[in-house]
Trainee: 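The structure is given below, and queries will be raised subsequently.
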Number of protein chains: 2
Amino acid sequence: MSFARMTPELFALVAERFKAFSEPNRLQILHVLRLSEHTVSELVEETGIGQANLSKHLQQLMSCGLVARRKEGLYTHYSLADRDVLKVCDLMCGRLERETKERKKAFATK
Amino acid sequence: MSFARMTPELFALVAERFKAFSEPNRLQILHVLRLSEHTVSELVEETGIGQANLSKHLQQLMSCGLVARRKEGLYTHYSLADRDVLKVCDLMCGRLERETKERKKAFATK
DNA sequence: CGACTGCATCACAAGATAGTAATGCAGTTG
DNA sequence: CAACTGCATTACTATCTTGTGATGCAGTCG
């Protein structure tokens, strides 16, 4: 890790960030937001997640600083907080892709 | 994400990877392994985590491909699976560092 | 102001996860 | 082979997380 000294508190904070990414519905939300800003009702449409549930996930993503909120009259628009959010996702997906590829190869040569 | 099309199964797989990172004890384990390969009993020493608990965490890290195992007689040596594991951690720590710095700044100017 | 809309929050049930003591088991040593 | 060691596994409990229906609330519109 890039901190000089890792304390239990830091481990907990970092873990919390990772936890925000560790749920399929939240990843799907981030994936939809990747394209553009969306309102909550648009996200309900796009993802099929229930409104209350979605709202809670968005709160969680907010509190970890992964998404940004913009209120406009009756609507709340959500968007990705920054490009690093995608970088993290892509890095993890890259790992997974490589992994599945290697598994396929291992299968083939068996 | 870098996959052509994200399916529910893919979201679940990626989420599982993130979940492996989303626990303070597991992050601490990865942090210790960052330096070098360790046996389980060494990890118990270094981290203060109970043996049974540690063993379970190691299984979980294994099944997600984050660490590698090498058995040698009575001992089992664990090490990081690859450099990307660290890249993911560092990226997340970087985010956190920036975040705390900005929060500090916001505090100062208040 | 009264009905409506979009969203947040609450309360609760169901399922997942982490910690721990006890046990199992393979490999080592006397 | 009998005792021991390092680790994995099991069984169980406590805690956390997620999904959902109901409710609350601020902003909008007739």
Side-chain angles (χ1 to χ4, degrees), chain A residues 8-9 11-33 36-80, chain B residues 8-9 11-33 36-80:
Chain A
E9 292 75 34
F11 282 126
L13 276 173
V14 178
E16 199 186 341
R17 264 45 177 194
F18 275 116
K19 190 164 291 179
F21 283 99
S22 75
E23 220 273 339
N25 280 334
R26 284 196 289 274
L27 288 178
Q28 195 189 351
I29 294 170
L30 293 175
H31 187 62
V32 171
L33 292 183
S36 68
E37 186 184 72
H38 283 73
T39 68
V40 176
S41 33
E42 284 168 354
L43 286 171
V44 170
E45 275 280 319
E46 290 255 3
T47 63
I49 304 170
Q51 184 267 317
N53 195 13
L54 186 52
S55 199
K56 283 205 306 189
H57 283 307
L58 287 170
Q59 299 311 309
Q60 203 168 343
L61 292 172
M62 265 304 284
S63 77
C64 285
L66 303 190
V67 301
R69 185 179 357 218
R70 180 172 71 83
K71 295 205 87 172
E72 192 182 58
L74 214 43
Y75 294 85
T76 312
H77 302 263
Y78 282 92
S79 56
L80 296 185
Chain B
E9 292 75 33
F11 282 125
L13 278 173
V14 178
E16 199 186 342
R17 263 50 176 190
F18 275 115
K19 191 164 291 180
F21 283 99
S22 75
E23 219 273 338
N25 281 333
R26 283 196 290 274
L27 288 178
Q28 195 188 351
I29 294 170
L30 294 174
H31 186 62
V32 171
L33 292 183
S36 68
E37 186 184 72
H38 283 73
T39 68
V40 177
S41 33
E42 284 167 353
L43 287 172
V44 170
E45 275 279 321
E46 290 255 3
T47 63
I49 304 170
Q51 184 267 317
N53 195 13
L54 186 53
S55 200
K56 283 205 307 188
H57 282 308
L58 287 170
Q59 299 309 310
Q60 203 168 342
L61 291 171
M62 266 304 283
S63 76
C64 285
L66 303 190
V67 302
R69 185 180 358 221
R70 180 171 71 83
K71 295 205 86 173
E72 192 182 59
L74 214 43
Y75 295 85
T76 313
H77 302 263
Y78 283 91
S79 56
L80 295 185

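Owing to the predicted nature of the structure, the values given are computational and were not obtained by experimental measurement. Within every chain, numbering begins at 1; the chains are lettered A, B, ... in the order of the sequence lines, protein sequences first and strands thereafter.
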Trainee: Could you tell me which non-hydrogen atom of B:Val44 sits nearest to which non-hydrogen atom of B:Ile49, and how far apart they are?
Mentor: CG1-O, 3.6 Å
Trainee: Could you tell me the separation between the CG atom of B:Leu74 and the C1' atom of D:dA8, rounded to a whole number of Å?
Mentor: 12 Å
Trainee: What is the separation between atom CD on A:Gln59 and atom P on C:dC10, rounded to the nearest whole Å?
Mentor: 11 Å
Trainee: Give the rounded distance in Å between these two atoms: CZ of B:Phe18 and P of D:dT17.
Mentor: 18 Å
Trainee: When all nucleic acid strands are considered with a 4.0 Å heavy-atom cut-off, which category describes A:Gln51: base, sugar-phosphate, or nothing?
Mentor: base
Trainee: For A:Phe21, enumerate each residue passing the ring-ring contact (aromatic ring centres under 6.0 Å, His included) test, keeping only those at least two apart in sequence or located in another chain.
Mentor: B:Phe18
Trainee: For D:dC7, take OP1 and OP2 only and decide whether either is under 4.0 Å from a side-chain N or O of B:Arg69.
Mentor: no
Trainee: What's the spacing between B:Tyr78 OH and B:Leu66 CG if we round to 0.5 Å?
Mentor: 12.5 Å
Trainee: Below the 4.0 Å mark, does D:dG6 have OP1 or OP2 next to a side-chain nitrogen or oxygen of B:Thr39?
Mentor: no
Trainee: Could you check how far CG of A:Leu43 sits from P of C:dA8, rounded to whole Å?
Mentor: 10 Å
Trainee: Mind listing the closest non-hydrogen atom pair of A:Cys64 and A:Glu16 along with its distance?
Mentor: SG-O, 3.8 Å
Trainee: What's the CZ-P distance between A:Arg70 and C:dG6, to the nearest Å?
Mentor: 16 Å
Trainee: Rounded to whole Å, how long is the line connecting atom CG of A:Leu61 with atom C1' of C:dA8?
Mentor: 15 Å
Trainee: Among B:Glu72, B:Glu42, B:Arg69, find the one that has a side chain to side chain donor-acceptor pair (under 3.5 Å) with B:His77.
Mentor: B:Glu72
Trainee: Show me the donor-acceptor pairs, under 3.5 Å and distance only, between side chains in residues 51-59 of chain B and residues at least two apart or in other chains.
Mentor:
from: B:Asn53; atom 1: OD1; to: B:His57; atom 2: NE2; distance (Å): 3.3
from: B:His57; atom 1: ND1; to: B:Arg26; atom 2: NH1; distance (Å): 3.0

Trainee: Quick one: A:Tyr75 OH to C:dC4 P, roughly how many Å, whole number?
Mentor: 16 Å
Trainee: Base, sugar-phosphate alone, or nothing: which one does A:Ser55 contact when heavy atoms must sit under 4.0 Å apart?
Mentor: base
Trainee: Please state whether the phosphate of C:dA8, meaning OP1 or OP2, lies under 4.0 angstrom from any side-chain nitrogen or oxygen of A:Tyr78.
Mentor: yes
Trainee: What does the list of N/O pairs under 3.5 Å between the protein and nucleotides 18-20 of chain D look like, with a distance for each?
Mentor:
from: D:dT18; atom 1: OP1; to: A:Arg26; atom 2: NH1; distance (Å): 3.2
from: D:dT18; atom 1: OP1; to: A:Arg26; atom 2: NH2; distance (Å): 2.9
from: D:dG19; atom 1: OP1; to: A:Asn25; atom 2: ND2; distance (Å): 2.7
from: D:dG19; atom 1: OP2; to: A:Asn53; atom 2: OD1; distance (Å): 2.8
from: D:dG19; atom 1: OP2; to: A:Asn53; atom 2: ND2; distance (Å): 2.8
from: D:dG19; atom 1: OP2; to: A:His57; atom 2: NE2; distance (Å): 2.7
from: D:dG19; atom 1: O5'; to: A:Asn53; atom 2: ND2; distance (Å): 3.1
from: D:dG19; atom 1: N7; to: A:Lys56; atom 2: NZ; distance (Å): 3.2
from: D:dG19; atom 1: O6; to: A:Lys56; atom 2: NZ; distance (Å): 3.0
from: D:dT20; atom 1: O4; to: A:Lys56; atom 2: NZ; distance (Å): 3.4

Trainee: Indicate the atoms forming the closest heavy-atom contact of A:Leu27 with B:Ala15, along with that distance.
Mentor: CD1-N, 3.4 Å
Trainee: Check the distance between C:dT28's C1' and B:Lys71's NZ and give it to me in whole angstrom.
Mentor: 13 Å
